[in-house]
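Side chains are part of it too, since the values below use all heavy atoms of this structure and drop only hydrogens, waters and symmetry mates.
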Amino acid sequence: MSSILQLLGAHGDPGVLARIDKLDADLAAGELGALNTVLAETTGSMGSLRDQVLLAADGRTLSADANDRLFGLVGSAADQCREAMRHHGMHVWR
């Protein structure tokens with residue numbers, strides 16, 4: 001999640017950044033319930049991390065490369081989350 005946080009910190013929505021920062025802290029604290037939230041954020045639709053578009057300070061969309069990088073990181077986080085959930089015997093619902 002740290003790579004996602006770096007991109008969001010530079011170019012993302014501050015509200016989403018705060019939400020993901022808290023989620024990252026919950027994961028670091030070992031809260032297994034946070035894995036469900038990570039899965040929702042990384043596989044969900046409107047308003048989730050999968051739905052984010054990075055913007056420049058002037059409000060214009062950044063290059064496709066930057067947004068493709070974010071999408072790739074989100075996909076990787078989803079895969080890692082599923083693996084962690086299986087490891088802990090949790091139901092993987094997406």
Side-chain angles (χ1 to χ4, degrees):
M1 299 293 292
S2 62
S3 296
I4 293 171
L5 282 168
Q6 288 175 349
L7 278 175
L8 288 175
H11 306 290
D13 178 286
V16 174
L17 175 63
R19 190 174 76 224
I20 301 307
D21 189 41
K22 181 190 179 319
L23 183 57
D24 191 50
D26 290 347
L27 289 171
E31 294 186 29
L32 293 181
L35 290 172
N36 280 313
T37 306
V38 171
L39 193 58
E41 283 285 357
T42 57
T43 62
S45 57
M46 209 173 215
S48 71
L49 278 174
R50 281 190 68 222
D51 188 44
Q52 297 303 304
V53 175
L54 300 175
L55 301 174
D58 62 6
R60 289 194 277 176
T61 302
L62 290 178
S63 71
D65 289 344
N67 281 293
D68 286 348
R69 181 166 178 243
L70 176 63
F71 194 74
L73 289 170
V74 169
S76 178
D79 292 342
Q80 291 172 15
C81 180
R82 287 184 189 101
E83 184 179 319
M85 290 176 82
R86 286 185 194 101
H87 174 79
H88 291 289
M90 298 171 72
H91 173 68
V92 179
W93 46 274
R94 281 190 181 189

So which of R19, Q52, R50 actually passes side chain to side chain contact (heavy atoms under 4.5 Å, CB included) with E41?
R19
Between atom [atom1] of [X] and atom [atom2] of [Y], what is the distance when rounded to the nearest 0.5 Å?
X: E83; Y: D79; atom1: CD; atom2: CG; answer: 8.5 Å
X: L73; Y: Q80; atom1: CG; atom2: CD; answer: 9.5 Å
X: D65; Y: L54; atom1: CG; atom2: CG; answer: 11.5 Å
X: R69; Y: L62; atom1: CZ; atom2: CG; answer: 12.0 Å
X: M1; Y: L8; atom1: CE; atom2: CG; answer: 8.5 Å
X: S2; Y: I20; atom1: OG; atom2: CD1; answer: 13.0 Å

Going by an N to O cut-off under 4.0 Å, is there a salt bridge joining D26 and K22?
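Salt bridge flag = yes for K22 with D26.
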Under a 4.5 Å side-chain heavy-atom rule over Ile, Leu, Val, Met, Phe, Trp and Tyr, are V16 and F71 clustered together?
no
Applying the 4.5 Å side-chain criterion to the ILVMFWY set and letting contacts propagate, would M90 and V92 be lumped into a single cluster?
yes
Compare every heavy atom of [Y] with every heavy atom of [X], then report the nearest pair and how far apart it is.
X: A77; Y: V38; value: O-CG1, 4.4 Å
X: L39; Y: C81; value: N-SG, 3.7 Å
X: A40; Y: S48; value: O-CB, 3.9 Å
X: L27; Y: A34; value: CD2-CB, 3.7 Å

Exceeds 12 heavy-atom contacts within 6.0 angstrom, atom NE2 of H88:
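Above 12, so yes.
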Can you confirm whether T43 sits close enough to R82 that some side-chain heavy atom of one is under 4.5 Å from a side-chain heavy atom of the other?
yes
Spell out, as yes or no, whether a donor-acceptor pair under 3.5 Å connects the side chain of N67 to the backbone of V53.
no
